[in-house]
Student: 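One structure is given below, represented as structure tokens, and several questions about it will come after.
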Amino acid sequence: AYEILEENDMFNSGMAESDVITLYTSNVSQLIDSPAILWFLMAVSAVLDIALNIMLFMVVYGVVKKQVNYMYAYYAIIAQFVSNIMFQLYNAFSLTNIIVLFIVVLLIYFYAEECIREDVVKKIGKIKKATREELKKIMLSFGCAAMLLELFFNYNVTGFDTTSRTAYVKSMDDYHAVLAEAENQAQDKGILFYRTEELERKTKNDAALYGYRSATQFSSLMNLDVSHFYQAVGMEGGKNFYCVNGATPLLSAMLSLRYVIADNAMEANPIRTLVAESGNTYLYENKYVLPLGFMMDEGVIDAWKPSSSSKIYSINSLGRLLGAADDTLTLTECIQDENPGTTTLTFDHDGYYYAAYDSCSTDSLTFSHGEYETTYSKTTHRYLFDLGYVKAGETVSVTNTAADAVRFNVYELNAAAVEGAYNELNDQTLSVDDFSDTHISGHIDVKQAGQLVLSIPSEKGWTMKV
């Protein structure tokens, strides 16, 4: 549960580490740079809050001892809730906001004080001799009520929907069928190692559920450098997960992603071919796939510096260093119509397109054109959205549940650039002879000296023998 909650924090928003630090610093500076009146009001509010809690405790104590009307307990809960919610509405940049909220808290305090002074204090005097055990029971009851109230409101704001076991494993047999077909096809081609991904995954650990090798993971023990690399090239990453969402064909090839599983038959396009199906589960094979290891020129490795401000630049510069004559992704024009909840993109020529939004608050976006439809989740992680192959005159509709009017930057994939960089890497590759979780053996014919790069995170414990 801790890991699931942790996935949604600020560090997993898709922001660069430096941007997260800047945002955190700016938030803290709101308090440091606040006017002196705010510090005074905060001090008075703290004293009032302590006094209010003592009075409310007296009320609950009186209710439990049946010396005070039980309705006072409900009044106490409401007063405590309203007092606490004021802090959630606080804006350090608005002195008017500060004063108004302080006055609200002040009114709550004086009203509670007046009610308690006149109707409760006298009755409380009759029961001053409560035993230690009785006080413990009262404090426990009050604490449980506060905890349940906090859980209720917190869950409604940050809670996750659940799914039934039936829904979770309903496609298990179909997945196993297409995965078995993938293994048979790979063996026929003499390929031992490859990775598979899903387009509509349930979790980032679906590979463990269905039993395939993946380039997506959610774990608090994962290699953070992988996440940083993913984020630098437009893919999804955070401090305890990384995901291939947003991968271009070249990056997909470098990760040895041979097969893709989808729940629709509309994913076939110039870079992906339908090769098997079972029920409503479809298996596609990628056109560009590299083995587990491949040679790279040391000059390329040293020269590539990912940009912290432009993921598109990072993608394009990597492609060019690997031999592409042009940029892999090119900003392109299309007709955009932005309305609350829906944005339409109309294209004037055939092409394979990706998109990235300027600003969006929703965590889910649905892209559809013709019979094709796909939904991306965790979109606030700011990865690239694969629109697929779109023909001239077709319109892609993008819907969101937050009624945002979202504008996109749209990029066209340059197939020739992908081909050029891919061919350079595919010229010297590792043939895997045998592998397990702890060892890999293979052979490679090196034509030009360089570094052998394997799509395995660099971890302590690995040794290489040549």
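The first residue of the sequence shown is numbered 1, and numbering continues consecutively from there. Being a predicted model, the structure only gives us computed values, none of them experimental.
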Student: Above 12 or not: heavy atoms from other molecules or residues under 6.0 Å from CD of Glu333?
Tutor: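 Counting other residues, nucleotides and ligands, CD of Glu333 stays at 12 neighbours or fewer.
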Student: If we ignore hydrogens and angles and just use 3.5 Å, is the side chain of Tyr282 paired with the main-chain N or O of Val260 as donor and acceptor?
Tutor: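 Judged by distance alone, no pair lies under 3.5 Å.
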Student: State whether Glu236 and Arg382 are salt-bridged, where the test is any N-O pair (Lys NZ or Arg NE/NH1/NH2 against Asp/Glu carboxylate O) under 4.0 Å.
Tutor: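 Looking at Glu236 and Arg382, the cut-off is not met.
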Student: Report yes or no: does Asn423 contribute a side-chain atom to a donor-acceptor pair with the main-chain N or O of Glu419 at less than 3.5 Å?
Tutor: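 Yes, the answer is positive, given that a donor and an acceptor are paired below the 3.5 Å cut-off.
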Student: Which distance, rounded to the nearest 0.5 Å, do you find between the CG of Asp386 and the OG1 of Thr248?
Tutor: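 Between atom CG of Asp386 and atom OG1 of Thr248 there are 9.5 Å.
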Student: The criterion is side-chain hydrogen bond (donor to acceptor under 3.5 Å, both in side chains); which residues satisfy it with Asn414, sequence neighbours excluded?
Tutor: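 If we apply the side-chain hydrogen bond (donor to acceptor under 3.5 Å, both in side chains) test to Asn414, skipping adjacent residues, there are no hits.
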Student: Do Asn280 and Asp174 have side-chain atoms, one donor and one acceptor, less than 3.5 Å apart?
Tutor: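 Not at all, the side chains of Asn280 and Asp174 share no donor-acceptor pair under 3.5 Å.
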Student: Within a strict 4.5 Å, meaning less than it, do heavy atoms of the Ile315 and Leu384 side chains meet?
Tutor: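 Of all side-chain heavy-atom pairs linking Leu384 with Ile315, at least one is under 4.5 Å.
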Student: With the threshold set at 4.0 Å, does a side-chain nitrogen-carboxylate oxygen contact exist between Arg201 and Glu197?
Tutor: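 So Arg201 pairs with Glu197 through a salt bridge.
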Student: Does the side chain of Tyr357 pick up a donor-acceptor pair with the side chain of Asn409 at under 3.5 Å?
Tutor: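 The answer is no; no qualifying pair exists.
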Student: Could you list the residues that satisfy side-chain contact (heavy atoms from CB on, under 4.5 Å) with His349, not counting sequence neighbours?
Tutor: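 Expected list: Thr332, Tyr353, Glu412.
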Student: Look up atom CG in Leu318 and atom CE in Met254, then write down how far apart they are to the nearest 0.5 Å.
Tutor: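 CE of Met254 is found 5.5 Å from CG of Leu318.
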Student: With side-chain contact (heavy atoms from CB on, under 4.5 Å) as the criterion, how do Leu365 and Thr399 come out once you've worked through the C-alpha distance, each side chain's angles and the decisive distance to 0.1 Å?
Tutor: CA-CA 6 Å; Leu365 292 172; Thr399 57; over 6 Å; no
Student: Using a distance-only test with no angle check, is there a side-chain donor-acceptor pair under 3.5 angstrom linking Asp434 and His439?
Tutor: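 Asp434 vs His439: donor-acceptor pair found between side chains.
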Student: Given 3.5 Å as the limit, does a donor-acceptor pair link the side chain of Arg213 with the main chain of Phe193, or not?
Tutor: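 No; judged by distance alone, with no hydrogens or angles, the pair does not exist.
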Student: Is there side-chain contact between Phe294 and Val453, with at least one heavy-atom pair below 4.5 Å?
Tutor: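 Yes, at least one pair of side-chain atoms sits under 4.5 Å.
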Student: CG of Asn286 to OH of Tyr259: how many Å apart, nearest 0.5 Å?
Tutor: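 Interatomic distance, Asn286 CG to Tyr259 OH, rounded to 0.5 Å: 10.0 Å.
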Student: Would you say Gln187's side chain and Asn184's backbone share a donor-acceptor pair under 3.5 angstrom?
Tutor: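 A pair under 3.5 Å: no.
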Student: Ignoring hydrogens and angles, state whether a donor on the side chain of Tyr210 or Glu198 is under 3.5 Å from an acceptor on the partner side chain.
Tutor: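 Side-chain D/A pair, Tyr210 to Glu198: absent.
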Student: Could you check if a side-chain atom of Asn264 sits within less than 4.5 angstrom of a side-chain atom of Glu373, using non-hydrogen atoms only?
Tutor: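 No. Closest side-chain heavy atoms not under 4.5 Å.
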Student: Does NZ or CZ of Lys202 fall inside the cone over Tyr175's six-membered ring, less than 6.0 Å from its centre and within 45° of the axis?
Tutor: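 Yes, Lys202 and Tyr175 form such a contact.
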Student: In this structure, which one of Ser252, Ser256, Ser455 forms a side chain to side chain donor-acceptor pair (under 3.5 Å) with Arg195?
Tutor: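 It is Ser455, the one option of Ser252, Ser256, Ser455 that forms the side chain to side chain donor-acceptor pair (under 3.5 Å) with Arg195.
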Student: Got Met295 and Gln448 here, is their nearest side-chain heavy-atom distance under 4.5 Å?
Tutor: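 Heavy-atom side-chain distance check fails, nothing below 4.5 Å.
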Student: Could you tell me whether the side chain of Thr379 and the main chain of Ser364 form a donor-acceptor pair under 3.5 Å?
Tutor: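 Checking the backbone N and O of Ser364 against the side chain of Thr379, a donor-acceptor pair under 3.5 Å is found.
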Student: Determine, stepwise, if the pair Val406 / Asn400 fulfils side-chain contact (heavy atoms from CB on, under 4.5 Å).
Tutor: CA-CA 9 Å; Val406 184; Asn400 68 82; 3.8 Å; yes
Student: Rounded at 0.5 Å granularity, tell me how far OG1 in Thr330 sits from CG in Asn316.
Tutor: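 Rounded to the nearest 0.5 Å, the OG1-CG separation comes out at 6.5 Å.
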Student: Strictly distance-based, threshold 3.5 Å: is any side-chain N or O of Thr429 a donor or acceptor partner for the main-chain N or O of Leu425?
Tutor: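 No.
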Student: Between Ser317 (side chain) and Ser314 (backbone), is there a donor-acceptor pair under 3.5 Å?
Tutor: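 Checking the backbone N and O of Ser314 against the side chain of Ser317, a donor-acceptor pair under 3.5 Å is found.
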Student: Answer yes if the side chains of Ser227 and Gln231 hold a donor-acceptor pair under 3.5 Å, and no otherwise.
Tutor: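 Short answer, yes.
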Student: List the atom of Leu387, the atom of Ala355, and the distance in Å for their closest heavy-atom pair.
Tutor: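 Nearest pair, atom of Leu387 first, then Ala355: CD1-CB, 4.0 Å.
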Student: Flag the pair Asp363 / Ser377 as yes when at least one side-chain heavy-atom distance between them is below 4.5 Å, and no otherwise.
Tutor: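 Heavy-atom side-chain distance check fails, nothing below 4.5 Å.
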Student: Ignoring hydrogens and geometry beyond distance, is a side-chain donor-acceptor pair present between Ser361 and Asp404 at under 3.5 Å?
Tutor: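 Their side chains do contain a donor-acceptor pair, which is all the 3.5 Å distance test asks for.
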Student: Heavy-atom distance under 4.5 Å between the side chains of Phe408 and Thr343, does that happen here?
Tutor: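 Yes - at least one pair of side-chain heavy atoms lies under 4.5 Å apart.
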Student: Taking everything shown except Tyr313 itself, do over 12 heavy atoms lie less than 6.0 Å from its OH?
Tutor: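 12 or below, so no.
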Student: Begin from the C-alpha positions of Ser397 and Thr342 and carry the test side-chain contact (heavy atoms from CB on, under 4.5 Å) through to its verdict.
Tutor: CA-CA 7 Å; Ser397 177; Thr342 304; 3.7 Å; yes
Student: Quick check: are there more than 12 heavy atoms from other residues, nucleotides or ligands sitting under 6.0 Å from CD1 of Ile335?
Tutor: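 Counting other residues, nucleotides and ligands, CD1 of Ile335 stays at 12 neighbours or fewer.
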Student: Would you sort out whether Val418 and Leu413 count as a side-chain contact (heavy atoms from CB on, under 4.5 Å), showing the intermediate values?
Tutor: CA-CA 8 Å; Val418 174; Leu413 180 70; 3.7 Å; yes
Student: Determine whether a donor-acceptor pair (N or O, by modelled atom type, separation under 3.5 Å) exists between the side chain of Asp206 and the backbone of Leu209.
Tutor: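 Between the backbone of Leu209 and the side chain of Asp206 there is no qualifying donor-acceptor contact (under 3.5 Å).
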Student: Does Val244 reach the side chain of Leu255, with side-chain heavy atoms less than 4.5 Å apart?
Tutor: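 Contact flag for Val244/Leu255 side chains = yes.
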Student: When you check the side-chain N and O atoms of Gln428 and Asp445, is any donor under 3.5 Å from an acceptor?
Tutor: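 No, because no side-chain N or O of Gln428 sits under 3.5 Å from a partner of the opposite role on Asp445.
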Student: Measuring from atom CZ of Phe385 to atom CZ of Phe367, what distance do you get when rounded to the nearest 0.5 angstrom?
Tutor: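 Rounded to the nearest 0.5 Å, the CZ-CZ separation comes out at 5.0 Å.
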Student: I'd like to know whether His381 forms a ring pair (Phe, Tyr, Trp, His ring centres under 6.0 Å) with Tyr242, so could you lay out the CA-CA distance, the side-chain angles of the two residues, the decisive distance to 0.1 Å, and finally the verdict.
Tutor: CA-CA 11 Å; His381 294 166; Tyr242 49 82; over 10 Å; no
Student: Is the closest side-chain donor-acceptor distance between Thr395 and Thr344 under 3.5 Å?
Tutor: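 Side chains of Thr395 and Thr344: no pair found under 3.5 Å.
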Student: Between the side chains of Glu285 and Arg272, is the shortest nitrogen-to-carboxylate-oxygen separation below 4.0 Å, so that they form an ion pair?
Tutor: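 Not counted as a salt bridge, because no side-chain N and carboxylate O are separated by less than 4.0 Å.
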Student: For a 4.5 angstrom cut-off between non-hydrogen side-chain atoms, does Ile261 reach Thr196?
Tutor: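 Side-chain contact under 4.5 Å: yes.
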Student: Which value, rounded to the nearest 0.5 Å, describes the distance between Thr463 atom OG1 and Lys460 atom NZ?
Tutor: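 One gets 15.0 Å once the value is rounded to the nearest 0.5 Å.
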